[in-house]
Number of protein chains: 2
Amino acid sequence: MQVYSFVNFRHKAVARMSADQRKFTRELPAQRREQLILAVLSLIARKGVRAATVRDIAQEAGVTQGLIRHYFGSKESLVAAAYDYHMSRMTDAVWQASDKPEPRARLAAFVISSLSPPVLNRDWVSLWAALLGRAMQDPQLLKTHECTYCYFRDRLESLIADALRHVGRPHTKAETRRLAIACNAVIDGLWIEGGALPDAFAQGELTAIGLRSVGALVGLPLEDTEDL
Amino acid sequence: MQVYSFVNFRHKAVARMSADQRKFTRELPAQRREQLILAVLSLIARKGVRAATVRDIAQEAGVTQGLIRHYFGSKESLVAAAYDYHMSRMTDAVWQASDKPEPRARLAAFVISSLSPPVLNRDWVSLWAALLGRAMQDPQLLKTHECTYCYFRDRLESLIADALRHVGRPHTKAETRRLAIACNAVIDGLWIEGGALPDAFAQGELTAIGLRSVGALVGLPLEDTEDL
DNA sequence: CGAGTAATTATGCAAGTGTATAGTTTTGTC
DNA sequence: GACAAAACTATACACTTGCATAATTACTCG
């Protein structure tokens, strides 16, 4: 998409090369939507929800404020779309890292990627907190939060069940559920403080604590899975 | 203080009983400050930071908006004071529960009170999230967050060290620090989801998971400390 | 090339924002 | 019971907010 549009633009630009005084350029709807979403996310992360006004969002995206209404109907709707977008890219960033074959190594990779950049990042934690604060008063946003939480936890539960099965440890559904809730909680807690207070932890400290903690909770050591 | 003011009011009221058309009553500065703080906390918890305007805060507190400036100088300063107030009452609510003599029971009581009302409460989680979102852009608020976090973690570290010492388990300072970070994280994570998604967990499930998790992390069972 | 269509801009508006300032009322004290 | 000080109210102001509407502009297709 991006490539197509670029070629398109170049074509037109060359055609009018001598005196191109166009006041704006058209973009594909999907691109404009993403530009606006990225703009509002960047603003909220850096300056808070309060700074994300329609005018500043438009300026950040390089357009005028009318486009927000044109593409999203309202600012509220744009923020909701941005919340979805952010949560999706967070889950994607975590899960693309856990493609290892060995179950224990997959679980360890999940913990590490959750507690390393880009997932562990001041801006992303800032975004998460600001949008959760809003979600507590907005059913639509809370639904996004709930879906993300459940998605995370369910996949984590699968990872845990795989790891237990791989070492021949019997386990019930209720047990893996409890373990998934606990492991998700400890990872979340470490992630939040690591993002909010980056100077409070040494380099690699959070991933080490995360590995050790999840290992202790599940009952499987995870520190030795680097090369699996 | 409250009693004194009440008597005071009654006294005056009786003196002018026949035709008391006073347009307002004076309060002790400390009381008015607390009224305004409670008003802004209630508004933010129920309707979000956006709804906490000077006019609505004043109405919630039963005064006019000029008093916010009179007592706090600015709305921003009031919010900062309210953040301190909220964090203090949270820590107080947690720590007043851990007065048991036996170290393991103290640790267990800490976990339970952190994951039960009034600490585990939708409004308090909502408040926490909304104010953390603001704190990520406000150094003063972030300082409050940091102090609260460190206070919590340090006292938790003491609890853990006491429990380990009590059972004769040797431990280093670095070890108890890691354990405190991890235990604090799992409690925070459970607390957040328990407050944000109260219907996602069964009655007593979070405290059970919390006890089991902290026990597994520290290496000491905590489920059997009810009657210690 | 020329017209239609939709993307984009430009502009206006009514409501709400925090703060400043001046005026009013309460209350303790002599 | 008057007086001063401070608590409290009332009001105005400059500014920002989100949204709507109309006027442009760019691009597509014949």
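From a predicted model like this one, the values you see are computed outputs, not experimental measurements.
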What is the distance from [atom1] of [X] to [atom2] of [N], rounded to the nearest Å?
| X | N | atom1 | atom2 | value |
| --- | --- | --- | --- | --- |
| B:Ile57 | D:dC8 | CD1 | C1' | 17 Å |
| A:Ile68 | D:dT21 | CD1 | P | 18 Å |
| A:Lys75 | D:dC19 | NZ | P | 8 Å |
| B:Leu78 | C:dT17 | CG | P | 15 Å |
| A:Gln31 | D:dA26 | CD | P | 18 Å |
| B:Phe72 | D:dC8 | CZ | C1' | 15 Å |
| B:Gln59 | C:dG18 | CD | P | 14 Å |

For B:Asp56 and A:Arg55, take the nucleotide of DNA chain C holding the closest heavy atom to each; which residue's nucleotide lies nearer the 5' end?
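The residue mapped nearer the 5' terminus is A:Arg55.
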Under-4.0 Å salt bridge between A:Arg46 and A:Glu60:
yes
Does a side-chain N-to-carboxylate-O contact under 4.0 Å join B:Arg177 and A:Glu205?
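Salt bridge: yes.
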Which atoms form the tightest heavy-atom contact between A:Ala45 and A:Leu127, and what is the distance?
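Taking A:Ala45 first and A:Leu127 second, the nearest heavy atoms are CB-CG, 3.7 Å.
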Between the side chains of B:Arg122 and B:Ser126, does any donor sit under 3.5 Å from an acceptor?
no
State, without any angle test, whether B:Tyr83 and B:Gln140 hold a side-chain donor-acceptor pair at a distance under 3.5 Å.
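On atom types as modelled, these side chains do not qualify, holding no pair under 3.5 Å.
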Trace of the ring pair (Phe, Tyr, Trp, His ring centres under 6.0 Å) decision for B:His86 with B:Trp124:
CA-CA 8 Å; B:His86 176 59; B:Trp124 281 21; 5.4 Å; yes
For D:dC27 and A:Arg22 - does any side-chain N or O of the residue sit under 4.0 Å from the phosphate oxygens OP1/OP2?
yes
Nucleic acid footprint by protein, nucleotides 2-10 of chain C - heavy-atom cut-off 4.0 Å, B for base, S for sugar-phosphate alone
----BSBBS
